[in-house]
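Numbers here are sequence positions counted from 1. Atoms within each ligand, like the ligands themselves, are counted from 1 in listed order.
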Amino acid sequence: MVFDLLKGAIGGLVERIRYRSLSREELEGLLNNMLVDLIAADVAYEVAEDIVEGVRRGLEGVKVERGSRVESIVLDVLRVKLLELVNRRPIDIIEVVKAKCLKGEPYVIVFFGVNGVGKTTTIAKVAYMLRENGITPVLAAADTFRAGAQEQLEIHASRLGVPIVMGRYGSDPASVAHDAIEYARARRLCAVLIDTAGRMHVDYDLMGEMRKIVRVSKPDLKILVVDALTGGDAVEQARRFNEEVGVDGVIVAKVDADVKGGSILSVAKVTGKPVLYVGVGQGYQDLKPFNPFEYVDTILGLKP
Ligand SMILES: Nc1nc2c(ncn2[C@@H]2O[C@H](COP(=O)(O)OP(=O)(O)O)[C@@H](O)[C@H]2O)c(=O)[nH]1
Ligand SMILES: [Mg+2]
């Protein structure tokens, strides 16, 4: 089940506290177990430590006795701690696109992320969501490197019935982004969705290329896509992209297959940016607005 490991890490502590009185030493042992369990659930070390420390402090001077209010103290502390990590001001893409469109300018979104995380699929889902709301975006196939990248996006564009601006393989991705924005201006389209390359080779400056795309396209929104299943890698990617290019929001893909659940917490913490949507499958409709309260309640076992 989705998020099972993270739920277990937190539920384990709550369960034990529910049924018996604990000495300080026993409580300390349980908190250490929780730390290890959180890390196993893809929660970054610093984040896990922060959560455990919060609970420790919340229970300071409280007698951990069976039948006491300890369980609800722990749940309250955890809820506050977890919300602190994920509850950031959300961005409603439909609204911001419409607002800019009223000024006669297209809203430009660049999508970053390393190969295979789900970038291109996510762009297709966002295009679908815009179409459902009466907005026709143009797609920019600014991954001019990976074999098949242009065609993959082209197939989505034709299925979705939205225009696409493509580039020759090996050509400058920033110029493809630029052309797509011009295309949108000329046709009064309201949104430009820019797909980018994500190869991570030692002899190649991905961040330099992304910075150039940003310089040229001056995006309204920079979205990082990460893969929930990659755990620590997702966290490292989030840190790097945020430091080097700057991200405004994150989309976490493949949450439907995520049995651990900690990537979302950790990525939110290291970027300090909102998780905007989560990908929950391979279909166009499988993009859900991220709801921090629902997420936290799910982890705390307060919601099925
Ligand atoms: N289960 C699942 N698979 C996804 C999701 N998003 C993308 N994928 C799959 O992940 C693989 C890589 O996706 P792609 O969009 O090509 O990644 P990119 O290299 O970052 O552009 C494809 O097989 C997608 O169908 C998701 O939310 N859930
Ligand atoms: Mg791609």
Which bit of Lys125 gets closer than 4.0 Å to ligand 1, counting heavy atoms only: side chain, backbone, both or neither? side chain
Classify the contact between Asp256 and ligand 1 as side chain, backbone, both or neither, using a heavy-atom distance cut-off of under 4.0 Å. side chain
For the residue pair Asp195 / Thr120, report whether a side-chain donor-acceptor contact shorter than 3.5 Å exists. yes
Please find out if the Mg ion (ligand 2) and some N, O or S atom of Asn115 are separated by less than 2.8 Å. no
Using heavy atoms and a 4.0 Å limit, tell me yes or no: is Val278 in contact with ligand 1? no
Among all the protein's non-hydrogen atoms, which is closest to atom 16 (O) of ligand 1, and how far away is it? Gln152 NE2, 3.0 Å
Geometry only, no angles: is Lys254 polar-contacting ligand 1 at N/O separations under 3.5 Å? yes
Are more than 12 heavy atoms from other residues, nucleotides or ligands located less than 6.0 Å from atom CD of Gln285? no
Mark the output for Gly116 as yes if a heavy-atom distance to ligand 1 is under 4.0 Å, and as no if none is. yes
Val255 N/O under 3.5 Å from ligand 1 N/O: no
Going by the salt bridge (Lys or Arg N to Asp or Glu O under 4.0 Å) test, which pairs reach into residues 108-132, not counting sequence neighbours? none
Identity and separation of the nearest protein heavy atom to atom 20 (O) of ligand 1: Lys119 N, 2.8 Å
Quick one: look at Asp143 and ligand 1, take heavy-atom pairs under 4.0 Å, and tell me if it's side chain, backbone, both or neither. neither
Of Arg146, His156, Gln282, which has the heavy atom at the shortest distance from atom 3 (N) of ligand 1? Gln282
When rounded to the nearest 0.5 Å, the distance separating CG of Asn87 from OH of Tyr295 is 13.0 Å
So, are Arg57 and Glu60 salt-bridged, with charged N and O less than 4.0 Å apart? no
